[in-house]
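Start at 1 and go down the list; that is how both ligands and their atoms are numbered. Nothing fancy with the numbering, it's 1 onward along the sequence.
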Amino acid sequence: MEGTDFLQGSDLNEAEGKVTGRNHARILSARKDLIGKSLSLSYREPLLIVRGEGQYLYDERGRAYLDCVNNVCHVGHCHPRVVEAASRQMAQLNTNTRYLHPNIIDFAERLTSCLPAPLEVCFFVNSGSEANDLALRLARTFTGERDVFVIDHAYHGHTGDLIEISPYKYNGPGGPGPSVFTHQLSIPDGYRGRYRWGEPELGLLYAREVGEKTAKLAADGRRPACFIAESIVGCGGQVVLPSGYLAAAFEPVRQSGGVCIVDEVQVGFGRVGSHFWGFETQAVVPDIVTMGKPIGNGHPLAAVVTTREIADAFANGMEYFNTFGGNPVSCAVGLAVLEVLEMEGLQQHAFEVGEHFKKELGELQKRHSLIGDVRGLGLFLGVELVRNRESLEPAGPETGQVVELMKERGILLSTDGPYHNVIKIKPPLVFSRDDVASVVENLDEVLGRM
Ligand SMILES: Cc1ncc(COP(=O)(O)O)c(C=O)c1O
């Protein structure tokens, strides 16, 4: 996996026309001085990454790293067709959406053709946070209510309103706890949650809490504005929702006039393999869907798609202006991503490679007692490490160590979950069977030495 390019730090900066001589150590030290300390870096020894191609990232010495975590560069880092679409449009025009332009229409048409009715009205924004923030505004304007149901340990974005509905943040270091409008639901985790795989009607058991909390709100004379959930709980540890969960959770919310938002920022666009959207695996149609990360393959693009009724209620006289959202360059990029997904059959590829990957990880689990659970759909997988398979004592430090050791071997992984003991796997969809073999072989050796 050694790369062929050999870019020195100074060559890189010359090429970019920037200040020369910025090597690894200088960038690290300047970053400490110039960039807010709350922005973290990955790995004990952070990487200086200067180039990406397909499922590989390259450091300043030309060493290749197999990227198993960047679900943003969905169709592969620097996909030529996406780069070409962006550069061509960038060279021609980029403006806000107050002029007529075909790109926004072409993209909206193509995007809504991937969604079930009645999800037919689009808003284009620049990040997953903006998408969820707008979704929250849509829900609150439509219902006239403020209360939100959210799954424990969820992350939905970095704006003030979203921190208030992201237990991952408000219950984490520096967090202020939930707001009075936030109502937290248990993670429907069949591996270590309150109810476990094997229980009949697991989805319904977990969803009961939504009905109970809706009734409690009603007793206080309140009604929910919305329920928001990812269709696979990402930051909560790659937790696949038990079947029937979303349908049963939606019911009491809708009955009391609330709307149901599904956050597809991590898992949308064919990643789950069997379907284009994660929510389809739960056989539901949300009222609002939010998209981000993969939609622009690394370009800052995100979207909210909703029903006409909800969108119309939002048009209450206050203009929705977004300087960058929906600009011709972003829309050209979004369209190119959808074209590449189709032309290269990447959803089917994610299904096949993902199934194979999960099977191989299952084989590893037989040999290494540290692996407690292997889960996920398509190319959105999680490997949960435990010190004891009976007590499920989380192996948090060991998980961090595995990720560091894999990085030394040129394979990039990350951790998440309430106990930081879940290895997250969510590579660009061009990930191959050979890549799977490489990850599994190295993981086997690393776990063998733990
Ligand atoms: C599920 C989910 N929603 C929303 C966001 C926010 O997206 P962004 O970082 O693009 O603002 C994230 C980011 O990690 C996410 O994982």
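- For atom 5 (C) of ligand 1, the closest non-hydrogen atom of the protein is Val265 CG1, 3.8 Å.
- Checking side-chain atoms of Gln282 against main-chain N and O of Leu241 turns up a donor-acceptor pair under 3.5 Å.
- Closest approach of Asn316 to Met318, counting heavy atoms only: OD1-N, 3.2 Å.
- For ligand 1 and Asp263, the ligand atoms under 4.0 Å from any heavy atom of the residue are 1 (C), 2 (C), 3 (N), 4 (C).
- In terms of protein heavy-atom proximity, atom 16 (O) of ligand 1 is nearest to Gln266 NE2, 2.7 Å.
- Annotation: Lys293 places an N or O atom under 3.5 Å from an N or O atom of ligand 1; distance criterion only.
- Residue Asn132 touches ligand 1 through its side chain alone, judged by heavy-atom distances below 4.0 Å.
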Check: Between Ile151 and Val239, is a side chain to side chain contact (heavy atoms under 4.5 Å, CB included) present by the stated rule, with each step listed?
Finding: CA-CA 11 Å; Ile151 292 178; Val239 174; over 6 Å; no

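- Side-chain contact between Val383 and Leu413: absent, with no pair of heavy atoms (C-beta onward) separated by less than 4.5 Å.
- From the protein, the heavy atom lying nearest to atom 11 (O) of ligand 1 is Ser129 OG, 2.6 Å.
- Looking only at heavy atoms of the protein, atom 10 (O) of ligand 1 is closest to Gly128 N, 2.9 Å.
- Within the 6.0 Å centre-distance limit, the rings of Phe269 and Phe276 are counted as a close aromatic pair.
- No N or O atom of Cys235 sits closer than 3.5 Å to an N or O atom of ligand 1.
- Both the sub-6.0 Å distance and the 45° axial angle are satisfied by Arg51 relative to the ring of Tyr58.
- Under 4.0 Å from ligand 1, the heavy atoms of Glu230 that appear belong solely to its side chain.
- Remark: ligand 1 atoms within the under-4.0 Å shell around heavy atoms of Ser127 are 10 (O), 11 (O).
- Among the atoms of Glu130, none of the N or O lies under 3.5 angstrom from an N or O of ligand 1.
- At least one donor-acceptor pair under 3.5 Å links the side chain of Asn421 to the backbone N or O of Leu385.
- No hydrogens or angles considered: a donor-acceptor pair under 3.5 Å links the side chains of Asp435 and Ser432.
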